[in-house]
Amino acid sequence: MKRWVLPVLLVAITLGAWQIAASTGALAQLFNLESFLVPSPAEVASSLWDNRALLAENAWVTLREVLAGFGCGLLAGVGSAVALHLSETLRRATYPLLVASQAIPIVAIAPILIVLFGFGVWPKLVIVALVCFFPITVNTLDGLRAVDPDAIKLMRSLDGSRWQIFRRVEAPTALPYTFSGAKVAVAVAVIGAVFAEWAGSSVGTGGLGALIRVDNALLQTSRLFAEVFVLAVIAIGLFGLLALAERRVVTWR
Amino acid sequence: MRQDTSMNAETGALRVPQSGTAQAAPEGDGVAIRGLGHAYGELQTIERLELEVEPHAVVGLVGPSGCGKSTLLELICGLREPSAGTIGVGGASSAPERLARCAYMPQRDLLLPWYSALDNAGLALRNQGRRKGAARAEAAELFGRFGLAGFEATAPAELSGGMRQRVAFLRTLLAGKPVLALDEPFAALDAITRAEMQEWLAGALRTDPRTVVLVTHDVEEALYLCDRVAVLSARPGRIIAELRAPDPRAEDRDAAVTDPAFVAVREEAMRALREGMR
Ligand SMILES: Nc1ncnc2c1ncn2[C@@H]1O[C@H](COP(=O)(O)OP(=O)(O)OP(=O)(O)O)[C@@H](O)[C@H]1O
Ligand SMILES: [Mg+2]
């Protein structure tokens with residue numbers, strides 16, 4: 001059986017059940033809701049089609065923010081993991097701060113960022129980079145510390161310099177860990193971007209987050225679900241691309 | 001896969017240039033260990049150990065498991081510092097100088113899974129600044145003689161245990177150091193391949209002598225390959241007996257190891273080992 005058969009089957013069954021429950025009004029009755037609040041998959045699909053230009057334009061805005069923020073988070077995350085790995089003192093001093101920084105809700109700092117950077121792309125980029133930074137840093141650092149100490153002894157006996165030990169042993173050991181962190185990061189990056197757009201964007205070309213805010217207020221649930229669907233596609237697509245890249249790069253696993 | 005045991009003992013000449021030959025005397029570097037002590041925290045591993053390895057001599061170390069043999073090799077190679085005594089390699093005793101003169105072959109092969117067999121073998125050459133192509137060419141020349149021909153591009157995970165060990169051994173040789181510290185180099189091999197590798201190493205050391213400290217659990221292997229075999233006591237390790245091998249690296253291995261003189265020394269070594277266990 002092909003690997004995709006099961007997930008596709010599961011999605012099909014879920015959609016079918018949802019379609020029946022929504023079109024018969026069972027779902028709305030169950031939760032005691034107005035029926036327009038519970039769109040059926042068919043309604044979501046037609047909304048997706050009707051609004052395709054708007055959705056595509058805003059998805060492109062969101063995707064760009066996700067990609068740029070993820071890129072910055074990746075660079076900063078790998079960079080600080082390497083720095084923390086090289087300096088024991090730095091690691092002892094800043095690791096607790098790094099963990100604590102994750103407890104700060106983005107909700108709390110988003111307004112500050114928007115005041116600082118305005119309503120443009122910058123606060124979004126910073127928020128996405130911030131949420132990507134942590135999983136990438138922690139995973140890469142774990143990878144760098146997972147190196148077999150005997151392999152380092154071997155490299156030293158074979159005239160390996162500090163840089164060669166890093167380049168030939170530590171970095172390849174850490175690479176699969178960095179990929180794991182990056183895969184977690186892309187998924188949260190999408191959430192981060194939507195939240196950032198929600199918090200501060202002009203409607204029109206403010207990205208899917210801004211559209212969601214408006215449709216939420218207007219109770220445009222069909223289009224809301226269509227927007228969520230597009231976001232899910234973005235997240236799955238980016239995750240898949242990373243998994244593909246991992247398989248191309250980490251050939252020894 | 002049986003082609004991996006097609007080794008030729010006669011042609012086992014090593015043409016590995018010894019790096020640092022400029023500073024090393026042509027007769028090679030010896031190892032002199034005086035009053036050596038070492039401990040991992042509370043755990044005393046080595047106590048008052050004395051060992052002299054003349055240049056180009058091959059000295060075997062046998063002893064009970066956990067007595068500190070691997071630790072001793074790491075000390076010699078400059079990968080650890082002693083807590084007492086001195087270790088001289090070629091007249092130098094600082095850790096960096098020992099590091100520069102010794103090549104360590106660890107007990108586990110520790111091949112890097114992201115490199116091919118060939119690139120693993122040439123690791124030291126790359127570290128020493130050789131270009132990728134040059135390092136590969138140099139390693140490839142010895143691949144056939146190690147029974148590894150055709151496996152140059154193979155990933156370590158796809159090699160047999162014996163082949164992995166031979167790649168690890170080749171990697172140690174190609175470092176071109178005057179002193180080799182070998183930690184159970186043939187432990188993972190089947191009896192036949194093991195005997196062949198021993199013959200091969202004997203031939204190689206006849207044509208290209210090196211100073212070798214060889215750790216093994218196989219008394220016969222030690223007495224065939226080494227000039228002298230030191231028997232270590234249980235932890236803390238001390239040398240409790242030193243035996244001279246009757247005919248080191250004899251041309252005809254099978255004859256040598258069944259010779260009455262060889263058998264007698266082997267019995268003596270076994271007795272000493274048994275003593276040391278207590
Ligand atoms: N890094 C370490 N830290 C603490 N203790 C260690 C360390 N390495 C080894 N030991 C301990 O030191 C003792 C000697 O270890 P070593 O590996 O040198 O023994 P060995 O003679 O090589 O044993 P074997 O024949 O099983 O390989 C053992 O009791 C071991 O548990
Ligand atoms: Mg050992």
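Throughout, a chain's letter reflects where its sequence line sits, starting with A, and its residues are numbered from 1. Hydrogens, waters and symmetry mates play no part in the numbers below; they use all other heavy atoms, side chains included.
Going from atom CZ of B:R126 over to atom CZ of A:R167 covers 7.5 Å, rounded to the nearest 0.5 Å. How far CZ of A:R253 is from CH2 of B:W114: 9.5 Å, rounded to the nearest 0.5 Å.
Counting heavy-atom neighbours within 6.0 Å of B:Y115 OH, excluding the residue itself, gives a total above 12. Crowding of A:R247 atom CZ: a count of heavy atoms from other residues, nucleotides or ligands under 6.0 Å not exceeding 12. Residue A:R145 places its CZ atom among 12 or fewer non-hydrogen atoms of other residues, nucleotides or ligands, all under 6.0 Å distant. Counting non-hydrogen atoms of other residues, nucleotides and ligands closer than 6.0 Å to CH2 of A:W122 gives a total of 12 or fewer.
Evaluation of the side chain to side chain donor-acceptor pair (under 3.5 Å) rule for A:R248 yields no partner, not counting sequence neighbours. Contacts of B:S83 classified as side chain to side chain donor-acceptor pair (under 3.5 Å), with partners at least two apart in sequence or in another chain: none.
B:R108 touches chain A through its side chain: at least one heavy atom from C-beta onward sits under 4.5 Å away, while N, CA, C and O do not. At a 4.5 Å heavy-atom cutoff, the contact between B:R171 and chain A is made by backbone and side-chain atoms alike.
Closest approach of B:C102 and A:S157 over heavy atoms only: O-OG, 3.5 Å.
Interface with chain B: from residues 168-184 of chain A, residues A:R168, A:V169, A:P172, A:T173 qualify, criterion being any non-hydrogen pair under 4.5 Å. Within residues 60-79 of chain B, the residues having any heavy atom closer than 4.5 Å to a heavy atom of chain A are B:E74, B:G78, B:L79, listed by residue number.
Put simply, the side chain of B:N127 gets close to the backbone of A:L158: a donor and an acceptor are under 3.5 Å apart.
In this structure, B:P106 and A:L154 have side chains that are in contact, with non-hydrogen atoms separated by less than 4.5 Å.
Note: B:P113 leads B:P113, B:A155, B:A181, B:A157 in heavy-atom pairs under 4.5 Å with chain A.
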Candidate pair A:D159 and B:K177, rule side-chain contact (heavy atoms from CB on, under 4.5 Å), full reasoning: CA-CA 10 Å; A:D159 300 324; B:K177 309 286 188 82; 3.1 Å; yes
